[in-house]
Amino acid sequence: MCGILLRARQVLYGHTLISLYDALVKPHLIYCNVLWGNSYKTPLYKLYLMQKRILRIITFSEFHAHTRPIFINYDIMSVQFLSKYLSAIFVYKSINMKLPLTFCSLFTRNITSRTSCDLRIPFHRHKKTEHSILISGPRIWNKLTKLCKQSSSLHIFKKRLRRLLSIEFN
């Protein structure tokens, strides 16, 4: 994709290159992200470095240019941000029965009244299982605000979640 975008930037400019990024690169980052996105930091960091390289190509930035302003100006989510975002959406859909029935029973709520919006994190013995959606999903969910958790629709939830996560990652 880097090579394609590098050649395309000789002909295309600005938001056309961003649209090309959305069409060629973003689907690779989104596909099954709920499964692999909460993985160990090393593979995610390699993807993040590649994503930064692609953004520098698209914006005609220098090789060592800082990418945080690029992410903010073009409203692009980093790989880490995207993983948390998609995992939280998956948990929301599961809790609110907007997924097939096999996924709707993955998460259980806490019984205590003080933390009734929170999810119970299942007991796990191995470090590997920490990166599964069964463990990382409730951890991400429990860090969200009560207002975000109690959103009435998926659209409102996504807006609140994006605002909340952008504060965390900026």
Side-chain angles (χ1 to χ4, degrees), residues 1 4-5 15 18-52 54-55 71-72 74-170:
M1 296 305 153
I4 292 170
L5 290 169
H15 289 289
I18 296 297
S19 296
L20 202 57
Y21 168 84
D22 287 339
L24 295 176
V25 178
K26 196 173 178 181
H28 290 282
L29 298 176
I30 291 176
Y31 183 71
C32 290
N33 191 295
V34 172
L35 298 176
W36 61 261
N38 296 309
S39 177
Y40 291 98
K41 291 182 181 182
T42 306
L44 285 180
Y45 188 70
K46 289 179 182 179
L47 279 174
Y48 178 62
L49 291 178
M50 187 59 68
Q51 186 183 29
K52 287 170 51 168
I54 289 170
L55 287 178
F71 280 109
I72 293 169
Y74 291 99
D75 198 27
I76 295 174
M77 291 189 233
S78 67
V79 175
Q80 298 91 344
F81 183 100
L82 192 63
S83 296
K84 289 192 187 284
Y85 180 76
L86 293 173
S87 294
I89 290 172
F90 180 80
V91 173
Y92 177 85
K93 286 180 177 180
S94 174
I95 290 171
N96 292 300
M97 306 294 209
K98 296 184 184 220
L99 290 174
L101 289 175
T102 53
F103 297 114
C104 290
S105 61
L106 287 177
F107 307 107
T108 55
R109 292 189 185 273
N110 276 343
I111 299 171
T112 60
S113 61
R114 209 170 7 114
T115 59
S116 62
C117 290
D118 288 350
L119 298 177
R120 190 175 60 81
I121 298 171
F123 175 74
H124 56 284
R125 293 180 193 272
H126 303 289
K127 190 81 170 163
K128 284 182 182 177
T129 49
E130 275 188 20
H131 300 290
S132 74
I133 190 66
L134 297 175
I135 308 299
S136 62
R139 282 197 177 136
I140 293 168
W141 181 262
N142 293 344
K143 290 180 184 176
L144 300 178
T145 62
K146 191 171 184 178
L147 179 69
C148 189
K149 292 176 193 176
Q150 294 175 341
S151 299
S152 58
S153 70
L154 182 60
H155 179 71
I156 293 170
F157 177 75
K158 285 180 180 181
K159 281 176 127 177
R160 289 177 180 167
L161 176 65
R162 188 161 180 137
R163 192 177 320 123
L164 189 67
L165 288 177
S166 67
I167 292 168
E168 179 184 333
F169 279 97
N170 286 333

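One-based numbering along the sequence shown.
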From [X] atom [atom1] to [Y] atom [atom2], the distance as rounded to the nearest 0.5 Å:
X: Ser166; Y: Phe71; atom1: OG; atom2: CZ; value: 14.0 Å
X: Ser78; Y: Leu47; atom1: OG; atom2: CG; value: 11.0 Å
X: Leu29; Y: Leu82; atom1: CG; atom2: CG; value: 6.5 Å
X: Arg160; Y: His155; atom1: CZ; atom2: NE2; value: 11.0 Å
X: Asn96; Y: Phe157; atom1: CG; atom2: CZ; value: 8.5 Å
X: Leu55; Y: Leu5; atom1: CG; atom2: CG; value: 9.5 Å

Aromatic ring pairing Tyr48/Tyr45, orientation class (parallel under 30°, perpendicular over 60°, tilted between)
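Because their plane-to-plane angle lies in the 30° to 60° range, the rings of Tyr48 and Tyr45 count as tilted.
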Ring geometry between Phe90 and Phe107 (parallel below 30°, tilted from 30 to 60°, perpendicular above 60°)
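Answer is perpendicular, since the angle exceeds 60°.
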So Ile76 and Ile18, side-chain contact (heavy atoms from CB on, under 4.5 Å) or not? Walk me through it.
CA-CA 9 Å; Ile76 295 174; Ile18 296 297; 4.2 Å; yes
Flag side-chain contact, heavy atom, 4.5 Å: [X] against [Y]:
X: Ile89; Y: Leu154; value: yes
X: Leu119; Y: Ile95; value: yes
X: Met77; Y: Arg162; value: yes
X: Val91; Y: Ser94; value: no

Which heavy atom of [X] sits nearest a heavy atom of [Y], and at what distance?
X: Lys149; Y: Leu144; answer: CE-O, 3.2 Å
X: Trp36; Y: Cys32; answer: CD1-O, 2.9 Å
X: Cys104; Y: Leu99; answer: SG-O, 3.2 Å
X: Ile133; Y: Pro138; answer: O-CD, 3.5 Å
X: Pro27; Y: Asp22; answer: CD-O, 3.2 Å

Of Lys52, Met50, Gln51, which is the lone residue that meets side chain to side chain contact (heavy atoms under 4.5 Å, CB included) with Val79?
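The option that passes is Gln51.
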In terms of heavy-atom contacts, does NZ of Lys46 have more than 12 from other residues, nucleotides or ligands at under 6.0 Å?
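12 or below, so no.
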